[in-house]
Amino acid sequence: MFVDRVIPAQAALREVPGLAGAHGLRAFSLLELDRKEEALQAARDCVAAAPDSAWTHYVLGRVLRRSGSLREAGEALAAVTPSRLAAAP
């Protein structure tokens with residue numbers, strides 16, 4: 001099921017490399033497949049693609065938390081601020 005989500009996300013990223021939503025979908029899908037290092041890179045790419053978006057920081061925070069990096073997860077989630085809520089990924 002999650003593999004089915006990774007493939008379309010990767011295809012979208014081939015077409016539009018900076019597509020934050022595709023990076024986020026890829027990160028969550030890889031995380032569910034227990035491919036944590038790849039998920040973490042995808043989450044960091046997600047933030048890099050849309051640093052002003054609260055959602056991208058949420059993606060990074062979730063991946064870090066599930067990877068056991070609780071302090072870093074807290075920092076990423078602290079970046080989910082009202083000023084970033086209006087920014088679309």
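Every value quoted in this text rests on a predicted model; they were computed, and no experiment measured them. Numbers here simply count residues along the sequence, with the first being 1. Basis for what follows: all heavy atoms, side chains included, without hydrogens, waters or symmetry-related copies.
A distance of 5.5 Å separates CD in E38 from CG in L30, rounded to the nearest 0.5 Å.
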May I have the list of side-chain donor-acceptor pairs in residues 39-49 shorter than 3.5 Å, sequence neighbours left out?
residue: Q41; atom: NE2; partner: D45; partner atom: OD1; Å: 2.8

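The backbone N or O of P51 lies less than 3.5 Å from a partner atom in the side chain of H57, making a donor-acceptor pair. Side-chain atoms of S67 do not come within 3.5 Å of backbone N or O of S69 as any donor-acceptor pair. A side-chain donor-acceptor contact under 3.5 Å links T56 to the backbone of S53.
With sequence neighbours left out, the salt bridge (charged side-chain N to carboxylate O under 4.0 Å, His left out) criterion links R62 to no other residue.
For the pair W55 and L25, the tightest heavy-atom approach, listed with the atom from each and the gap, is CH2-N, 4.3 Å. Nearest approach of G61 to A73, heavy atoms of both residues: O-CB, 3.5 Å.
No side-chain heavy atom of R65 sits under 4.5 Å from any side-chain heavy atom of V63.
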